[in-house]
Amino acid sequence: MKNYDFQNIESKWQKIWEEQKPFEVEISSSKPKCYVLEMFPYPSGYLHMGHLKNYTLGDVVARYKRMQGFNVLHPMGFDAFGLPAENAAIKQNIHPKKWTYDSIAHIKKQMKGVGLSYDFRRQFATSDPEYYQWTQWLFLFLYKQGLAYQKEALVNFCPHCQTVLANEQVIAGGCWRCETKVLKNSLKQWFLKITAYTEELLLELDTLSEWPEHVKTMQKNWIGKSYGAQVTFPIVGGGEIEIFTTRLDTIYGATFMVLAPEHPLSLELPQDPGIKEATKILINKSLLTPEIERSAEEIPKEGIFLGRHAFNPFTCEKIPIFVANYVLSEYGTGAIMAVPAHDTRDYDFALKFNLPIREVVVPQPGTHCENLPDQTYGYLINSGPYNNLPSEEATIKMAEFLQEKLLGKLTVRYKLRDWLLSRQRYWGAPIPMIYCDFCGVLPVNEEDLPVRLPEEIDFTPRGMVSPLATSEEFLHTTCPQCGGSARRETDTMDTFMCSSWYYLRFASPFSDREPFIKKEIDYFLPVDYYIGGVEHAILHLLYSRFITKALYDSGYLNFKEPFSRLFTQGMITHTACWCPSHYWIPPKEVKDEKYCPKCYTEITLSLEAMSKSKGNIVLPETIFHKYGADTGRLYVLFAAPAEREFEWKEESVSGIFRFLNRVWKLVTSYPSLSLKELDSHPQNKDEETVKLITHKTIKKVSKDIENNFRFNTAIAALMEMVNDLKAIIEKENSLNQGVLKEAIESLVLLISPFAPHLAEELWEILGNQKSLTFQKWPVYQENWVKEEMIELPIQIDGRVRSKLIVLRVIEEEKLRELVLQDEKVLKFLAGKKVKGIIVVPEKIISLHTER
RNA sequence: GCCGGAGUGGCGGAAUUGGUAUACGCGGCGGUCUCAAAAACCGUUCCCGAUUUUCGGGACGAGGGUUCGAGUCCCUCCUCCGGCACCA
């Protein structure tokens, strides 16, 4: 038989799949469905190693489920709107559309080269007008539900480039292109009211039993629910300040108050013109502080006493009111009561401004805190009628008091904020709204969708306006209500909007009358397996859950959670080389592993996620050319558990290649074996062993695929099977062909989700006519999984001292007898008294002696 | 600081969930083939000690506990990685 010629085999089967279209699906009432989805890529040029891993994971599941008789929906598309296309347009003078669709064509070709079993008819890019028409529809739907609204908000603005920047374009407080300090400017923008679903988004996380715990935790933290109280502090001389606190029990220790710079009262309260001026300066300064700097470590606390006081509603003391940079306007009410004894931030501030620090909670009644500030709960002191009460009880009683006096109540706050949707960008889906001078803000009529993105457009940045505003043709329209002249909204949507519903469209991609056909959605959704990187643990997944819930509430969907099972795969890392003067150097250019090839200074080596900027990318093609796609697929699965990150090492690939060659040689030495009618019942010991190996491997591989993507151990089991089979065949060459047939066929079927090209070819060589895509997945028989004779270890005082080969099913009495006759056991027991013998059937025998 | 996750040979990693620690692969070493090398194949490989085909001892980040028995459960500590972070 000829050698394993992966090149011909792979192109042969890719062509057959292309022609016979076995991966295309339709809804079916007779077959159970399974929806396997990998997070679709942003098409930035080419497929990289991370994609290969992501899509191979999904493909193994899809192929496995198909063989299990499921009607598998396995689609793929492109998250095609976004910044890199525009950057390319500016830098290389290519139209974003051309750049994007060229990328898509290239990546699609690469996907086919990997042998991924997608239903490519369903493919779309979010930048297709046929798709974004419905993204716009979704926006209008949300608008009509009262879930989309406009509000003034701050945007990042680079005064040098005269353009609005996305958050990720702001690097260390400066513009990514010219490093000019970024300013914050206020603009009227569209928001989606995700906060209307806060409680549901939080609660229903608990129903997602098949999601990784850490992803759910991250979402919980992001939503950030905290229980506390809102309290009104009357201002001396009129007015009031409302605050939120999670530590109502410490209110007797509130010795001052602090407003966020953005708080409306910050400028209203000061009466002294000097203070007012100083306050203005502080406010401006904090507005100009970029968010990154603001959150980078602790910035020094700055504040100004406003010259006014408030009453502490419990102590009735007059306490001073400050404005300070450490209070956030977006959280709570943007104002706090400061309890320096029990809060580190307030403590620092109090020290700086020499304010009183009063201890009000102690660990035990009659004691004192060892160190202030102390944030732990305990028992109250210095708190009037609440003294000696534990924190929890005091909180309840204090809340009752507040409610009586109408000064506050227990309440709940969240960190989650509404989703800022507007982007002052070109390459995105236009927000379908119209401004009419007479009728106001109006939605585009549904039948006028899509609002098309104009292609002839000047990209030169022009300040605070979106590039779309420069297109006269786009900008001017007629009012859908009065028919007079009107202007279009020129902002585009955040691309997360495009990806927040694409999994729905995949199940029903052909309708041009509605976003999706309900019957098809009802059949295929929710997604059974959703696979992608952890980097989307919060935003994409939270947005998708929100959109699903909104559609559910209006009857478009019959499920509340879009992704039943989520799997987050680990990154692939590779050595990266850092030179202080030449930054990242591609590892290939570093010859002696120590010095920069340009300046010969010493370089720093580290493991980094493969990325263009770090120059440590290895393209999947490098494996494909040398070893083939099947080897590449197995390698990324075998290197480490799928959820863990692993370091790319070229050497390890050859081990996989050798294995596939062994499989090739083994199977091809039995051509046409499938054509023979043979009895697979074993006649002797060796044949029994073959039978056992076969059924054990079927069990192991099936379980490993089913349970948590344990593909590395599944492949190891297949390697073991091949090694063991080879050893037996070499030892005994007159094995019953029937037993062999079962083993060899099982091997080919078991390996097929991992190495589909090789498996198809071998299946054909074995004499089968039909592709194994829909071949039945092998089923193990329990009685062939366990050996008749087993080796039982014997422990004496916790150490293995001997082994016994016995029947698996054996009476305990008989075992005890055998143990006490064992030579080695007797040797170790010499001079000792046996205190007890524990027999664990089929596992171990444990003796312990008197000590 | 808070919340997650992980520490097992030279390396990536296994361990039926409390029952023979190191499966499988890489790398190393030895061999076969070859003029030679590569590839391929075969053997070997946790560490230490000896009386060296055998035997004894030690090892799962460190220490302690529960147990006949702990990589696995409990407590204390150390290290690394990830997320969040002036969230009141």
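Reminder, nothing fancy here: chain letters follow the sequence lines and each chain counts from 1.
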Opposite nucleotide pairing with B/C84, Watson-Crick or G-U, both atom distances under 3.5 Å = B/G1
Tell me what A/Glu720 touches on the nucleic acid: a base, only sugar-phosphate, or nothing, going by heavy atoms under 4.0 Å.
-> sugar-phosphate
Is A/Glu791 touching bases, backbone alone, or none of the nucleic acid, heavy atoms closer than 4.0 Å?
-> base
Just wondering, are more than 12 heavy atoms of other shown residues or ligands nearer than 6.0 Å to NZ in A/Lys409?
-> no
Heavy atoms under 4.0 Å, any strand shown: does A/Phe646 hit a base, just sugar-phosphate, or nothing?
-> nothing
Classify the nucleic acid contact of A/Lys726 as base, sugar-phosphate or nothing, counting any heavy atom under 4.0 Å across all strands shown.
-> sugar-phosphate
Between B/A88, B/C68, B/G57, spot the one nearest the side chain of A/Ser846, thanks.
-> B/C68
Give me the ring orientation class for A/Phe322 and A/Phe256: parallel if the planes are under 30° apart, tilted from 30 to 60°, perpendicular past 60°.
-> perpendicular
Distance, rounded to the nearest Å, where A/Phe638 contributes CZ and B/C11 contributes C1' | 13 Å
Can you tell which of B/G19, B/C86, B/A14 lies closest to the side chain of A/Tyr326?
-> B/C86
Under 4.0 Å between any heavy atoms, over every strand shown, what does A/Arg644 touch: base, sugar-phosphate, or nothing? Just pick one.
-> sugar-phosphate
Of the candidate nucleotides B/A14, B/A88, B/U16, which contains the atom at the shortest distance from the side chain of A/Lys843?
-> B/U16
What's the CG-C1' distance between A/Asn325 and B/C86, to the nearest Å?
-> 9 Å
Sugar-phosphate only, base, or nothing, as touched by A/Lys649 at under 4.0 Å among non-hydrogen atoms = sugar-phosphate
For A/Asp346, answer base if it contacts any base atom (sugar-phosphate contacts may also be present), sugar-phosphate if it contacts only those atoms, and nothing otherwise; contact means non-hydrogen atoms under 4.0 Å.
-> nothing
Per A/Met218 side chain, nearest of listed nucleotides B/G83, B/C86, B/G13 | B/G83
Kindly assign one of parallel, tilted or perpendicular to the pair A/His540 and A/His536, based on the angle between their ring planes and the thresholds 30° and 60°.
-> perpendicular
Just call it for A/Asn712: base, sugar-phosphate, or nothing, with non-hydrogen atoms closer than 4.0 Å on any strand.
-> sugar-phosphate
In whole Å, what is the span from the CE atom of A/Met571 to the C1' atom of B/G83?
-> 12 Å
Minimum heavy-atom distance between A/Tyr331 and A/Ser226, given as atom pair plus value | OH-OG, 2.7 Å
